[in-house]
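See below for the structure under consideration.
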Amino acid sequence: MSPYLFAIASIIAVLSMVITFKIHLDKLKVNPEKRAEIQTKFFIGVAISEVIPLILVVSGFATMQPIQDMSVLFVPFLFILFSILIGPSFIFLQTKVDVTEDMKSIVMSFAMIALSLTMSIPIVSLVGLFIQMP
C-alpha cells in the first residue's frame, strides 16, 4: 500500500504546484512591479497545497514494509515518473507564453523556484520506493 501512497502524493503535489504556479505567473506577467507580494502569496499557496502530499508521504514511510516482488513497485514508479516529467514540462512551457524580453529574467527566476518546489515530493517519493526494494 505504501508505494501507492508515494505515487498519489507525487501526483497531487505536482498538480497542485502547477496550478499554483500558473495562477501566480499570470499575476506576475500582469504586474511585475508587485513581484515580492506575488511571490509571498505563491509561497503561501505552496504551503497550503503541499499539506496533503506531505501527510501521504509520512504515511507511506510509516507504513512501509519490505516487498517480495519488484513488480509491485512498477505502477507507482510510472506514476511518479509521469509526475516528474509533467511538472517541469508545464513550468518551462509557461515561461515561453506571453513573456516579453524585459520580463524574461523575472519569469525564469520564478520558474526555477517553482521547479525546485515542484520536484521535492516526487524525489522523496522515489527515495521511498527505492528503500522498499529487496
Side-chain angles (χ1 to χ4, degrees):
M1 180 63 183
S2 66
Y4 288 97
L5 290 175
F6 292 126
I8 293 167
S10 293
I11 298 283
I12 292 172
V14 169
L15 288 177
S16 63
M17 280 295 302
V18 162
I19 292 168
T20 305
F21 172 75
K22 174 69 172 143
I23 291 168
H24 290 89
L25 181 65
D26 289 342
K27 291 178 183 179
L28 185 65
K29 288 177 184 177
V30 172
N31 290 323
E33 63 276 354
K34 293 186 176 184
R35 179 180 180 183
E37 180 184 331
I38 292 169
Q39 282 184 340
T40 302
K41 289 182 180 180
F42 172 70
F43 287 126
I44 292 169
V46 167
I48 292 169
S49 67
E50 295 290 316
V51 169
I52 292 174
L54 283 174
I55 291 170
L56 290 172
V57 166
V58 169
S59 297
F61 278 111
T63 61
M64 186 181 297
Q65 297 175 352
I67 59 162
Q68 303 301 327
D69 187 19
M70 288 286 289
S71 64
V72 174
L73 299 178
F74 185 68
V75 172
F77 177 76
L78 288 178
F79 281 126
I80 294 170
L81 186 64
F82 176 74
S83 67
I84 287 174
L85 294 174
I86 292 299
S89 300
F90 182 82
I91 289 172
F92 285 124
L93 285 175
Q94 289 301 310
T95 62
K96 307 292 183 206
V97 178
D98 295 332
V99 178
T100 60
E101 196 62 39
D102 57 332
M103 286 284 300
K104 195 168 221 114
S105 65
I106 295 171
V107 169
M108 283 307 290
S109 66
F110 188 64
M112 291 298 119
I113 293 169
L115 180 65
S116 63
L117 292 170
T118 302
M119 291 291 91
S120 61
I121 296 290
I123 290 172
V124 170
S125 296
L126 273 180
V127 170
L129 284 186
F130 290 141
I131 289 173
Q132 292 182 11
M133 292 172 73

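Quick note: numbers below take in every heavy atom, side chains included, and nothing from hydrogens, waters or symmetry partners.
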- If you group Ile, Leu, Val, Met, Phe, Trp and Tyr by side-chain heavy-atom gaps below 4.5 Å, do V124 and L115 land in one group? yes
- Message: Atom CD of residue position E33 - does it have more than 12 heavy atoms of other residues, nucleotides or ligands inside 6.0 Å?
- Response: yes
- Query: So which heavy atom on Q39 is nearest to which on I113, and how close?
  - Reply: NE2-CD1, 3.9 Å
- Query: Rounded to the nearest 0.5 Å, what separation is found between the CG atom of L15 and the CD1 atom of I86?
  - Reply: 9.0 Å
- Query: Measuring from T20:OG1 to I44:CD1, what's the distance to the nearest 0.5 Å?
  - Reply: 12.0 Å
- So if you build clusters from Ile, Leu, Val, Met, Phe, Trp, Tyr with side-chain heavy-atom gaps below 4.5 Å, do V127 and M133 land together? yes
- Item | Hydrophobic cluster identity match, I121 and I19, side-chain contacts under 4.5 Å | no
- Task: Treat each ILVMFWY residue as a node, draw an edge where side-chain heavy atoms are under 4.5 Å apart, and state whether F42 and L28 are in one component.
- Result: yes
- Gap between atom CE of M112 and atom CZ of F92 - 0.5 Å precision: 3.5 Å
- Query: Quick one: are M1 and T63 in side-chain contact, heavy atoms under 4.5 Å?
  - Reply: no
- Item | Where S2 and G60 come nearest, the two heavy atoms and their spacing | CB-O, 3.3 Å
- Task: Step through the shown structure and confirm whether more than 12 heavy atoms of other residues, nucleotides or ligands are within 6.0 Å of CG on D98.
- Result: no
- Can you say whether the rings of F21 and F110 are parallel (under 30°), tilted (30 to 60°) or perpendicular (over 60°)? parallel
- Considering all heavy atoms of both residues, which atom of S10 and which atom of S125 are nearest to each other, and what is their separation? OG-OG, 3.0 Å
- Query: Shortest non-hydrogen contact from M17 to S49?
  - Reply: SD-OG, 4.3 Å
- Message: I need the minimum non-hydrogen distance between S120 and L117, along with the two atoms involved.
- Response: OG-O, 2.9 Å
- Within a strict 4.5 Å, meaning less than it, do heavy atoms of the M64 and F6 side chains meet? yes
- Item | From CD1 (I11) to CG (L56), nearest 0.5 Å | 12.0 Å
- Message: Quick check on the hydrophobic clustering: are I84 and F77 connected, directly or via other members, by side-chain heavy-atom contacts under 4.5 Å?
- Response: yes
- Keeping the roles fixed (side chain from K29, backbone from M103), state whether a donor-acceptor pair exists under 3.5 Å. no
- For I52, look at atom CD1 and say whether over 12 heavy atoms of other residues, nucleotides or ligands are found less than 6.0 Å away. no
- Query: What are the two closest heavy atoms between V18 and G87, and how far apart are they?
  - Reply: CG2-CA, 4.2 Å
- Message: Tell me if the CZ atom of F82 is crowded by more than 12 foreign heavy atoms within 6.0 Å.
- Response: no
- Message: Are the side chains of L93 and V97 in contact, using a 4.5 Å heavy-atom criterion?
- Response: no
